[in-house]
Trainee: 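Input: one structure, supplied below.
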There are 2 protein chains.
Amino acid sequence: MCTGRGAMSEQIKRATISDVALHAGVSRAAVSKVLRGAYGVSGTMKARVEASMVALGYRPSALARGMRGSSFTLGVFVVDLQNTFMSVLIEGIRAEAEVSGYQVFIGEASRGLSQQRQMIEAMLDRKMDGLLLIAPFGTAGDLEEIGRATPTVVLGRHGPGQSYDTVASDDMAGSALIVDHLAALGHRRIAHLKHVGRENNEDGMPQVVRAQGYIDAMVRNGLEPEVDVIEGRWHQAGGQHASELMLQRPHPPTAVHAGTDMAALGVLAGLYEAGISVPGDFSVVGYDNVFAASLPQVALTSVDQSGVEMGSMAARLLVERIQGRREPVSTVVAPSLVVRRTTGPAPAGPTRN
Amino acid sequence: MCTGRGAMSEQIKRATISDVALHAGVSRAAVSKVLRGAYGVSGTMKARVEASMVALGYRPSALARGMRGSSFTLGVFVVDLQNTFMSVLIEGIRAEAEVSGYQVFIGEASRGLSQQRQMIEAMLDRKMDGLLLIAPFGTAGDLEEIGRATPTVVLGRHGPGQSYDTVASDDMAGSALIVDHLAALGHRRIAHLKHVGRENNEDGMPQVVRAQGYIDAMVRNGLEPEVDVIEGRWHQAGGQHASELMLQRPHPPTAVHAGTDMAALGVLAGLYEAGISVPGDFSVVGYDNVFAASLPQVALTSVDQSGVEMGSMAARLLVERIQGRREPVSTVVAPSLVVRRTTGPAPAGPTRN
DNA sequence: GGAAAATTGTAGACTGATCTACGAAAATCC
DNA sequence: GGATTTTCGTAGATCAGTCTACAATTTTCC
C-alpha cells in the first residue's frame, strides 16, 4: 500500500473519542457527554476534556454519531441545478441550517422519477436527519411515503400533505398579478404556457395552480372568451416552440404568461428570430425572476418568489419537524411582480376583439 | 414520542443485515459477503440471500458501511452555485460517478475561506471517499493538506499538486483564442479584466494564467504597447464597474477580454446603460460559455471549456486515486471559441496609434 | 487413499460514536 | 446524623455494517 517514497505521504490518523479520553484521563462516555452538552459533567472535567480536544485537533466523526444519534445533515434534493432559482432557495436553506448546526448537502437528479428515487434513497441510506425536496417529481403518494420515512419538507408544491410540510409560492396570486398587469396595459388576447410533464400526477404542482390562477384572473377581467392555454414544457426549447405555435394562429395573442422564466426566455428567443418587437408587438412575462431576467439586454418582466425567504422558511419547518412536530404545516409565500421592459401597452389593432 | 393519532404514522423500521441473515438462515458475515461480492460464497447461498434481500426490501446503510469500509460517496465542493458553469461540470461528474457506483453530494460555500474549510471538514467528517474541489479558495498548501487527508481532485486550478490531481481548461490557449480573434477583427486596444481575490495566494488560479495568456498573445500580435490589464472582480458588478473605468480613459479600448462570462455580462450591462453599441463601437468576449451567453438577446462571444468532459475527466481521476494511485496527474483541456454577436470589426477610428 | 489445497461458512473483534443503568460521592432534608 | 436526593462519572450494550481468523468440508494431486 505504502510506496517507497518516504514517510512524507503518511496518512495522518484522525483522533477519535478514545484518544481524547486517554489524553484527558477520563472515560469515553465523559467525552461524549461534553460533546453533546449532556447532563452530568462538572466544570472542571468539561474544561479538561475541551483542552484535550483542542490539543489533539479532534473532530467527531459525523458518520459514527449518525449510527445512534443524528447525523446533523440535511439533504436538499434538486431536480435541476441549471435553474438558478434553485441556488437562491439553497442560499436561504443554508443560512437557516447553519444557525441550527446542520450541514446541508445537495443531491441532483435531473433524469426523471427513477433517478430521483435513487437519490432520495441514497440520502436515507446516509441517515440524513431531514430532507428538503425542491419541486420533486412523483405523486403526492410518493411524497407521503418519503415523509413517513424521514422528516420532509417539500418546496414548490402546494400542500397540504399528511406526513410532510410544504412551502410554495402563492401561484394563484402570481398568475393574478401577471394577468392584471397585462390587462391594465390593454391586452386582451393573453395566452398562457402550461407545463405538461411526462407523468400525469400533477396534484399541487405549480403548473396546475398557475394555470388555474390564469383562468380565474382572465374571467375576473372579463376576458373569459380569450382564455388560451398552450400546453408544452417549461424550459427554453419549450418556450421557443410555443412562440412558433402562437405566431401561427390566425389571430395571435399580444401577450403571454409564460409560466416560468426559462420558458419566457425561449419565447423571447423565438420572437427575436421571427423579428417581432418586444414589447412593441408582443409582451412577455416570466415567473421566478432568475438572474438572466435581470440582464438589461433581457429585462424580462417576471414574478419574484423571494426565494431566500422560502428557503429559510422551509429549513425552519424541517428543523421543527426533526425536533418532533407531527402536524403538517403548509405555507404559502406571497409573490410580487417585477415590471421590466418586456411588457408594454397592447399594440393598437382592431379595437373590437 | 408517539402521539395519540393512531397507528398509521408508525415509522417503518428498515431491514438490517441481521434481518436478512435471519430470514435467509445464514450468518451476518455471509450476507455481508454477498453484499460486497467477496470471495467465499456459493451460488446457492448467493441466490438465497439475494432473495431474502428483495423480500425484505433491504438496503444497506451507507453510514454503517462507511464506518469500516468505504462510504461510496463523493463530495463536490462548489464555491458558487449561481454560476451555471458549475452545474455543467457537475453533470459530467455525476455521469461518471454513476458508472463507478458512487453517489455524489454537493456542498456549497460562497462566503470565503473559513466557510470553505468548514464545508470540507464536514465532508471529511462524513468519511466521503473522495473530494472534487471546483475552483476552491486557498493556497496550494491548503490544497496539499486536503489531498493528504483524502483523495482529491481540483477543478479549475492549474497544477501540478503533490497530493492531488488537477483538471483545468488551457487558459493560456483560451486567452490566445480571444486575442487572436479580436486582433484579426482589427482591434488594437484590447483590454483584459483580471480578477483579484481577497487573499493573495493565486498560484495556478485561472485569473493568473488567463492574464499571462492575454499578455503573451498581445505581444505575439505586436500589440505589446496596448496591453491594458484592469484589476477587479469576476462577477457581474465587477464587470459593470470595469466598463465604467474603461470608458473614462482618455483613449478607451475598443474590445475587452472580460475573463469570465459573468464579468462580460456586467460589461455589457454597463455599455448598454452608457449607450455604447456592441459590437459596433465595442467588442466583448467572455469565458465559460454559460447559459445566459447563448440567449439571442445577449449572444456573447465566449470561450467554451466543454464542462461535461472536464467533469467526467475529474471524476475518473478521482476514482483512480481512490483505488490507490499516488502519482499526481495534471490535465489540461483544450478550449474553443464560440463566436456570437458581441464581437465585430474594430470601429473605424484614427488609424495611427 | 492420504496429504495438500481450495472452497464455503461462521464467530467475533472492530469502526466511533451514543445512551442506559448503575455506583460512588457530595449535598440537602428533617 | 442518618436517610434521601442530587451530582458526577464509568461500564458496557448498541447502532449496522466490515473483515480477519479459523473450522469444517470438499476437491485436487500424486
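Letters A, B, ... mirror the listed sequences (proteins, then strands); counts begin at 1.
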Trainee: Provide, to the nearest angstrom, the distance between the CD1 atom belonging to B/I17 and the C1' atom belonging to C/dG12.
Mentor: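 In whole Å, C/dG12 C1' and B/I17 CD1 are 14 Å from each other.
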Trainee: Whole angstrom is fine here: how far is it from CZ in B/R65 over to P in C/dG16?
Mentor: 18 Å
Trainee: Are B/R325 and B/D165 ion-paired here, with the side-chain N under 4.0 Å from a carboxylate O?
Mentor: yes
Trainee: Rounded to the nearest angstrom, tell me the gap between atom CE in B/M67 and atom C1' in C/dA17.
Mentor: 6 Å
Trainee: Just by distance, with hydrogens left out, do B/Q103 and B/T73 show a side-chain donor and acceptor under 3.5 Å apart?
Mentor: no
Trainee: Could you please spell out the steps behind the salt bridge (charged side-chain N to carboxylate O under 4.0 Å, His left out) verdict for B/K13 and B/D19?
Mentor: CA-CA 11 Å; B/K13 249 219 333 249; B/D19 299 327; over 6 Å; no
Trainee: Of the nucleotides C/dC19, D/dG9, D/dA16, which has the atom closest to the A/S32 side chain?
Mentor: C/dC19
Trainee: Is any side-chain nitrogen or oxygen of A/Y39 closer than 4.0 Å to OP1 or OP2 of D/dC8?
Mentor: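 No, no such contact exists.
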Trainee: Quick one: is A/R36 getting a side-chain N or O under 4.0 Å of the C/dC19 phosphate, OP1 or OP2?
Mentor: yes
Trainee: Categorize B/V31 for me: base, sugar-phosphate, or nothing, with a 4.0 angstrom heavy-atom threshold over every strand shown.
Mentor: nothing
Trainee: Given atom NZ of A/K127 and atom P of C/dG16, what is their separation to the nearest angstrom?
Mentor: 18 Å
Trainee: Please determine whether a side-chain nitrogen of the Lys or Arg among B/E91 and A/R111 lies less than 4.0 Å from a carboxylate oxygen of the Asp or Glu.
Mentor: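 Yes, charged N to carboxylate O under 4.0 Å.
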Trainee: Pairs under 3.5 angstrom, nitrogen or oxygen only, protein versus nucleotides 10-14 of chain D, please.
Mentor:
residue, atom, partner, partner atom, Å
D/dT10, OP1, A/S27, N, 3.4
D/dT10, OP2, A/S27, N, 3.1
D/dT10, OP2, A/S27, OG, 2.8
D/dT14, O2, A/R68, NE, 3.2

Trainee: With no hydrogens and no angle check, do the side chains of B/R28 and B/S32 hold a donor and an acceptor under 3.5 Å apart?
Mentor: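 No, because no side-chain N or O of B/R28 sits under 3.5 Å from a partner of the opposite role on B/S32.
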Trainee: Round to the nearest Å and state the distance from B/L56 atom CG to D/dA16 atom P.
Mentor: 14 Å
Trainee: Pairs under 3.5 angstrom, nitrogen or oxygen only, protein versus nucleotides 22-24 of chain C, please.
Mentor:
none

Trainee: For a 4.5 angstrom cut-off between non-hydrogen side-chain atoms, does B/T152 reach B/L132?
Mentor: no
Trainee: Looking at C/dG9, I'd like to know if its phosphate oxygens (OP1 or OP2) sit under 4.0 Å from a side-chain N or O belonging to B/S42.
Mentor: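 Checking B/S42 against C/dG9: at least one side-chain N or O falls below 4.0 Å of OP1 or OP2.
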Trainee: Distance check, rounded to the nearest 0.5 Å: B/Q115 atom CD versus B/I120 atom CD1?
Mentor: 11.5 Å
Trainee: How many whole angstroms separate atom CG of B/L63 from atom P of D/dT18?
Mentor: 12 Å
Trainee: Just say parallel, tilted or perpendicular for the rings of A/F105 and B/F105, cut-offs at 30° and 60°.
Mentor: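 Ring orientation of A/F105 relative to B/F105: perpendicular.
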Trainee: How many whole angstroms separate atom CG of B/L124 from atom P of C/dG16?
Mentor: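 Atom CG in B/L124 sits about 15 Å away from atom P in C/dG16.
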Trainee: Would the distance check show the side chain of B/K127 and the main-chain N or O of B/G66 forming a donor-acceptor pair, the cut-off being under 3.5 Å?
Mentor: yes
Trainee: Could you state the CZ-P distance from A/R14 to C/dG16, rounded to the nearest angstrom?
Mentor: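 Roughly 10 Å, once rounded to whole Å.
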